[in-house]
Amino acid sequence: MTAWLLPLGIGIAFGAALERAGLGDARKLTGQFYLRDLTVFKVMFSAIVTAMLGLFWLSYAGWIDLNAIAMPETYLRPQIAGGLVFGAGFALAGLCPGTSCVAAASGRGDGVAVAAGLFTGVLLTGLAFPRFLDFYDSDARGAWTLPALFHVPPGVVVFAVVVVALAGFAAAERIERRAS
Amino acid sequence: MKYSDPYLAGIALGLVLLGAFVFAGRGLGASGAFAATASGTVAAVAPGYATANPYFERYLSRPGGPWRNWLLIEIIGVAIGGFVSAALARRLTLGVERGRGVAIPARLAMAFGGGGVMGAGAVLARGCTSGQALTGGALLSVGSWAFMISAFAAGYVVAPVLKRTWR
């Protein structure tokens, strides 16, 4: 009945946050790749740090159960390969899947073209899927996390991500000052 | 109107992601909506073939089918949210974002081609910048961080070739 209200509401907030940040604009987005405008990095890492710290403290306080949250499973080699292909397409398109929808909704023809390309790409890759099913399911590592990878408590990784993000923000400000 | 401060916008985005984790038990996504749409389309044209294909079948067999997919409803919300936010800031404009070095048809061809390549990558990686980088990144998933690092590495390798198109 009203099961669609939650994803719709979350989507509206998601789209509005991306639009406010200026990420519906491919010129602004590609500034990341030419070190002109590092908004993509700043927005992504502020968001990751905010959500990560929220989850960490809410679960530390016992208010949420982390096991109730769907954890992505790692298929290391296919995900690295997919990331390389995705990144090449990202630089060419100037928008990613989520931001292409924001670009299209704010009246940009390039956003519509990226979304149409995505649909076509997923469709064609889906048609070819049986041929690379073995690779797709290879190198399965389950719900593997960075704390498990480095054999440290989650708090140590959370702290390290915050430190790396803050150092990255300082570097991003310096790079942008130099570029302007 | 000027865009918001990137750190404030990022914190707002992080709170949306945290809200999705807490209230929906899952993170954000985008490419999954395209996968659901593609699955539904293939099923409408060739139902027998679609259910025999292991990729499309997964989207067809979920409760509600491909057209009531969680991420598809979410992405409709993204478009509404993007539209309303742009309208309130008086940023709605019909046009094509491009550099001076490239004509509109060429820019649209690059956008379509780049979208196609991203679609292939997102299938292989099981997600995109939303479902893997943001969501899996905040959940400290190894595969998501590997995706994020390799995606940006490839972006930085390919981008210099395209530099003049963005001038």
Side-chain angles (χ1 to χ4, degrees), chain A residues 4 7-8 10-17 19-22 26-27 33 39 42-43 46-48 50-52 54 69-70 72 74 79-80 82-93 96-98 101-102 105-107 109-110 113-114 117-118 121-123 125-126 129 144-146 149, chain B residues 3-4 6-7 9-14 16-18 20-21 26 30-31 34-35 38 55 70 73-74 77-79 81-83 85-86 92-94 96-97 108 111-112 114-121 123-125 128-130 136-138 140-143 146-147 150-151 154-155 158-159:
Chain A
W4 51 272
L8 191 73
I10 288 170
I12 290 172
F14 182 22
E19 201 284 330
R20 289 283 138 172
R27 285 185 66 83
F33 292 119
T39 300
K42 294 182 200 171
V43 172
S46 314
I48 288 174
T50 301
M52 175 189 73
I69 296 167
T74 292
Q79 284 184 298
I80 291 172
L84 293 173
V85 174
F86 183 92
F90 188 7
L92 186 58
C96 65
C101 296
V102 174
S106 52
D110 51 323
V114 173
L118 273 163
V122 170
L123 184 74
T125 312
F129 189 74
W144 197 21
T145 63
L146 294 175
L149 169 67
Chain B
Y3 292 125
S4 304
Y7 300 110
I11 290 170
L13 179 55
V16 175
L17 178 55
L18 183 61
F21 284 141
R26 55 173 301 161
S31 56
F34 290 89
Y55 187 70
W70 199 93
I73 299 170
E74 181 235 48
V78 168
F83 175 81
S85 169
L92 285 178
T93 44
L94 281 179
V96 172
E97 297 294 343
L108 292 179
F112 183 82
V117 174
M118 272 195 296
V123 170
L124 203 49
C128 61
T129 13
S130 306
L140 306 178
S141 155
V142 176
F147 168 83
S150 46
V158 172

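Below, chain A is the first sequence line, B the second, and so on; all start at residue 1.
Of the listed residues (L118(A), I80(A), V85(A), L8(A)), the one with the most heavy-atom contacts under 4.5 Å to chain B is L118(A). Listed options L108(B), V117(B), I73(B) were ranked by heavy-atom pairs under 4.5 angstrom with chain A; first place goes to I73(B). For the set A138(B), A30(B), A9(B), the entry with the most heavy-atom pairs within less than 4.5 Å of chain A is A138(B). Ranked by heavy-atom pairs shorter than 4.5 Å toward chain B, the options P7(A), C96(A), G11(A), G98(A) are led by P7(A). Of all the listed residues (A26(A), A17(A), A93(A), G121(A)), the one sharing the greatest number of non-hydrogen pairs under 4.5 Å with chain B is A93(A). Contact count versus chain B (heavy atoms, under 4.5 Å) is highest, among T39(A), V102(A), T145(A), for T145(A).
Heavy atoms of other residues, nucleotides or ligands lying less than 6.0 angstrom from OH of Y55(B) number more than 12.
In this structure, E97(B) contributes its side chain and R27(A) its backbone to no donor-acceptor pair below 3.5 Å. The backbone N or O of A111(B) sits nowhere less than 3.5 Å from a side-chain atom of D110(A) that would complete a donor-acceptor pair.
At a 4.5 Å heavy-atom cutoff, the contact between T125(A) and chain B is made by side-chain atoms alone.
Scanning for salt bridge (charged side-chain N to carboxylate O under 4.0 Å, His left out) contacts around E74(B) gives an empty result, with sequence neighbours left out. Qualifying side-chain hydrogen bond (donor to acceptor under 3.5 Å, both in side chains) partners for Y3(B), counting only residues two or more places apart in sequence or in other chains: R108(A).
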